[in-house]
Amino acid sequence: MEINELTNRARKIRAAYHDLEIKQDGQPWTTEQDALAFLTDAGLVGRLVMAQQGSWPTEQTEFSLAYKIAESIWWLSALADANDIDLTTALENFLQSREQHLA
């Protein structure tokens, strides 16, 4: 999947969640709430990695490591979009910076 497709699909999913949030809370989540939701999922990624490596008690969970990593990428796409950051450009600039730094 290309990053532009990810961005477009993530935007549509986030809009649908905003509709659910309006029904539930009377207003959509703020960007700050989205960032906190991302951090929660990122923490779960850490726990799932630890469980996979045997350093955290494994529990039956409804979400797999792959699912939570993908959800974290989705959150990052939504956060970039909400802050007018072109994900393709940001990623290219970051990778180029690291490649030059390590060359």
Side-chain angles (χ1 to χ4, degrees):
M1 172 186 321
E2 295 292 323
I3 291 178
N4 287 335
E5 180 184 356
L6 162 70
T7 299
N8 290 331
R9 290 173 70 184
R11 185 179 295 130
K12 289 177 186 174
I13 292 168
R14 190 68 199 100
Y17 271 110
H18 278 311
D19 291 341
L20 290 174
E21 293 153 6
I22 291 168
K23 288 178 186 173
Q24 178 180 322
D25 300 329
Q27 60 189 15
W29 282 9
T30 64
T31 303
E32 292 88 352
Q33 287 172 301
D34 287 353
L36 288 172
F38 161 68
L39 290 173
T40 298
D41 285 328
L44 290 172
V45 167
R47 291 264 174 102
L48 289 167
V49 167
M50 291 174 70
Q52 186 167 311
Q53 299 299 314
S55 61
W56 188 263
T58 57
E59 299 175 8
Q60 196 65 5
T61 177
E62 66 180 288
F63 301 112
S64 69
L65 176 57
Y67 183 94
K68 281 298 174 185
I69 288 174
E71 187 173 20
S72 295
I73 293 168
W74 170 75
W75 273 122
L76 290 171
S77 177
L79 289 167
D81 192 47
N83 288 282
D84 296 321
I85 295 170
D86 180 283
L87 197 54
T88 301
T89 302
L91 185 56
E92 178 60 36
N93 289 343
F94 168 78
L95 293 173
Q96 190 174 62
S97 168
R98 293 302 84 207
E99 289 165 344
Q100 289 174 352
H101 177 76
L102 295 170

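Any value given below was found using the heavy atoms of this structure, including those in side chains, with hydrogens, waters and symmetry copies removed. By convention here, the first residue in the shown sequence is residue 1.
- Remark: N93 engages T89 in a side-chain contact (heavy atoms from CB on, under 4.5 Å) (not counting sequence neighbours).
- With rounding to the nearest 0.5 Å, the separation of OG1 in T31 from CZ in F38 is 14.0 Å.
- Contacts of A51 classified as side-chain contact (heavy atoms from CB on, under 4.5 Å), with partners at least two apart in sequence or in another chain: W56, T58.
- If you chain together ILVMFWY residues whose side-chain heavy atoms come under 4.5 Å of each other, L102 ends up in a group of its own.
- Under the side chain to side chain donor-acceptor pair (under 3.5 Å) criterion, no residue pair touches residues 94-103, with sequence neighbours excluded.
- In terms of the side-chain hydrogen bond (donor to acceptor under 3.5 Å, both in side chains) criterion, W74 has no residue partners (sequence neighbours excluded).
- Residues passing the salt bridge (Lys or Arg N to Asp or Glu O under 4.0 Å) test with E5, sequence neighbours excluded: R9.
- Nearest heavy-atom pair across H18 and P28 is ND1-CB, 3.0 Å.
- Note: the hydrophobic cluster containing I3 also contains I69 (ILVMFWY, side chain heavy atoms under 4.5 Å, direct or indirect links).
- Residues forming a salt bridge (Lys or Arg N to Asp or Glu O under 4.0 Å) with E92 (at least two apart in sequence, or on another chain): none.
- Hydrophobic cluster of F63: the remaining members, joined at side-chain heavy-atom separations below 4.5 Å, are Y67, listed by chain and number.
- Within the structure, every pair that satisfies the salt bridge (charged side-chain N to carboxylate O under 4.0 Å, His left out) test and touches residues 68-77, not counting sequence neighbours, is listed here: D41-K68, K68-E71.
- Remark: I85 CD1 to L79 CG distance equals 8.5 Å, nearest 0.5 Å.
- Hydrophobic clustering (side-chain heavy atoms under 4.5 Å, transitive across Ile, Leu, Val, Met, Phe, Trp, Tyr) keeps V45 apart from L76.
- The hydrophobic clustering, which links ILVMFWY residues whose side-chain heavy atoms are closer than 4.5 Å, places L39 and L65 apart.
- Residues passing the salt bridge (Lys or Arg N to Asp or Glu O under 4.0 Å) test with R11, sequence neighbours excluded: D81.
- Under the rule for a side-chain contact (heavy atoms from CB on, under 4.5 Å), the partners of L6 that lie at least two apart in sequence or sit in another chain are M1, I73, S77, L87.
- Legend: salt bridge (charged side-chain N to carboxylate O under 4.0 Å, His left out) pairs involving residues 20-32, not counting sequence neighbours, sorted by first then second residue: R14-E21.
- Linking ILVMFWY side-chain heavy atoms closer than 4.5 Å, directly or via other members, places L36 and I13 in a single hydrophobic cluster.
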